[in-house]
Number of protein chains: 2
Amino acid sequence: MVKRVRGSKTGRPIMVLLDLLGRRWVLRIVWELREEPRRFRELQDAIGASPTIVNSRLAELREAKLVELDAESGYRLTALGRELLRLFLPLHLWSEKWVKAVAL
Amino acid sequence: MVKRVRGSKTGRPIMVLLDLLGRRWVLRIVWELREEPRRFRELQDAIGASPTIVNSRLAELREAKLVELDAESGYRLTALGRELLRLFLPLHLWSEKWVKAVAL
DNA sequence: GCGGACGCTACAGAAAATGTAGTAACGGAG
DNA sequence: CTCCGTTACTACATTTTCTGTAGCGTCCGC
């Protein structure tokens with residue numbers, strides 16, 4: 001038993017995944033790592049969250065094998081993390097369209 | 001200024017979107033509405049969150065024009081919401097693969 | 001006019017996030 | 001060998017958010 005499933009008791013993969021991704025800052029961290037590895041502080045400054053929460057989210061993402069820490073370069077996406085990111089890339093374009101529709 | 005951009009001051013569409021989707025239960029609610037409309041209580045029971053938070057997330061999703069309330073059938077995805085969901089559908093399959101890779 | 005389903009709200013207590021400060025390990029300069 | 005900077009990370013009091021439970025007001029069928 002690897003994961004704590006917060007939002008769902010079912011343990012169905014999609015629920016576990018949605019639970020993980022639905023935590024504050026998780027999507028943002030993955031997004032921030034999309035191009036290149038980042039140092040802890042660098043990441044923290046970029047997203048503007050407290051070190052406490054950045055650290056615990058990184059721990060969760062590392063446990064989920066989506067992110068890893070390389071001593072040379074910093075935090076970076078694993079192969080699995082890059083796969084996930086690839087699924088999210090279309091969001092970038094779509095978000096532009098969405099914002100226009102919502103007219104913020 | 002319509003939206004509170006919690007996680008980012010930039011107002012860049014992708015950041016606003018990631019902020020919205022990164023709130024607790026939001027992804028789960030969108031997922032729960034993927035097939036058919038749901039009533040408030042039905043939705044609440046399905047995800048197991050408090051009515052308070054279900055209501056406020058639904059309000060946010062309605063403001064974001066991703067969800068709407070139809071008196072006849074209940075809460076459902078808008079056209080925009082269905083577009084977003086379509087981007088997320090591959091997650092379902094991917095999550096199965098991911099769980100196998102993580103649960104060593 | 002009673003009962004049930006509906007969306008939704010109030011509110012106290014619990015949990016999570018913030019903001020600030022600080023620790024411990026390492027590596028290089030003097 | 002000290003000092004300094006950089007690294008990841010932790011402690012903790014304060015603030016914000018979420019939960020759990022109860023209940024409100026409206027509509028509709030009986």
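Sequence lines set the chain letters: A, B, ... in the order given, protein chains first and strands last, and positions in each chain run from 1.
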- Grab the CZ-C1' distance between R23(B) and dA16(C) for me, whole Å please. 16 Å
- When the distance from CD1 of I29(A) to C1' of dA17(C) is rounded to whole Å, what number comes out? 13 Å
- Query: Considering only dT18(C), dT21(D), dA16(C), which nucleotide approaches the side chain of S50(A) most closely?
  - Reply: dT18(C)
- Distance, rounded to the nearest Å, where R28(B) contributes CZ and dC18(D) contributes P: 16 Å
- More 5' along DNA chain D: Q44(B) or S56(B), using each one's nearest nucleotide? S56(B)
- Item | R28(A) bridged to E32(A) by N-O distance under 4.0 Å | yes
- Item | Value in whole Å for how far the P atom of dC26(C) lies from CD of E72(A) | 15 Å
- Task: Output, in order, the C-alpha distance, side-chain angles, deciding distance and verdict of salt bridge (charged side-chain N to carboxylate O under 4.0 Å, His left out) for R23(B) and D19(B).
- Result: CA-CA 7 Å; R23(B) 290 176 196 177; D19(B) 177 44; 3.0 Å; yes
- Testing dG19(C), dT17(D), dC18(D) for proximity to the side chain of R24(B), the answer is dC18(D)
- Task: Could you list the residues that satisfy side chain to side chain donor-acceptor pair (under 3.5 Å) with S56(A), not counting sequence neighbours?
- Result: none
- Atom CG of L69(B) with >12 non-hydrogen neighbours under 6.0 angstrom: yes
- Message: Could you check whether any side-chain N or O of R34(A) sits under 3.5 Å from a backbone N or O of W31(A), counting only pairs where one atom can act as donor and the other as acceptor?
- Response: yes
Name the pairs: protein N/O against N/O of nucleotides 4-8 of chain D, kept only if under 3.5 Å.
| residue | atom | partner | partner atom | Å |
| --- | --- | --- | --- | --- |
| dA8(D) | OP1 | R39(A) | NH1 | 3.4 |
| dA8(D) | OP1 | F40(A) | N | 3.1 |
| dA8(D) | OP2 | F40(A) | N | 3.1 |
| dA8(D) | N7 | R41(A) | NH1 | 3.1 |
| dA8(D) | N6 | R41(A) | NH2 | 3.3 |

- Item | Separation of dC6(C) P from D70(B) CG (nearest whole Å) | 14 Å
- Task: Send over the distance from I53(A) CD1 to dC12(D) P, rounded to a whole Å.
- Result: 17 Å
- Message: Would L66(A) and L20(A) count as a side-chain contact (heavy atoms from CB on, under 4.5 Å) here? Give the steps.
- Response: CA-CA 11 Å; L66(A) 297 176; L20(A) 176 63; 4.0 Å; yes
- Message: Suppose the criterion is side chain to side chain donor-acceptor pair (under 3.5 Å): which pairs have a residue in residues 76-92 of chain A, not counting sequence neighbours?
- Response: E68(A)-R76(A), E83(A)-W94(B), E83(A)-K97(B)
- Message: Using OP1 and OP2 only, check whether a side-chain N or O of W25(B) sits under 4.0 Å from dT17(D).
- Response: no
- Message: In whole Å, I'd like the distance from the CG atom of D19(A) to the P atom of dC18(D).
- Response: 14 Å
- May I ask you to verify if any side-chain N or O of R57(B) is less than 4.0 angstrom from the OP1 or OP2 atom of dC18(D)? yes
- Could you state the atom-to-atom distance from CD1 of I47(B) to P of dG20(D) in whole Å? 12 Å
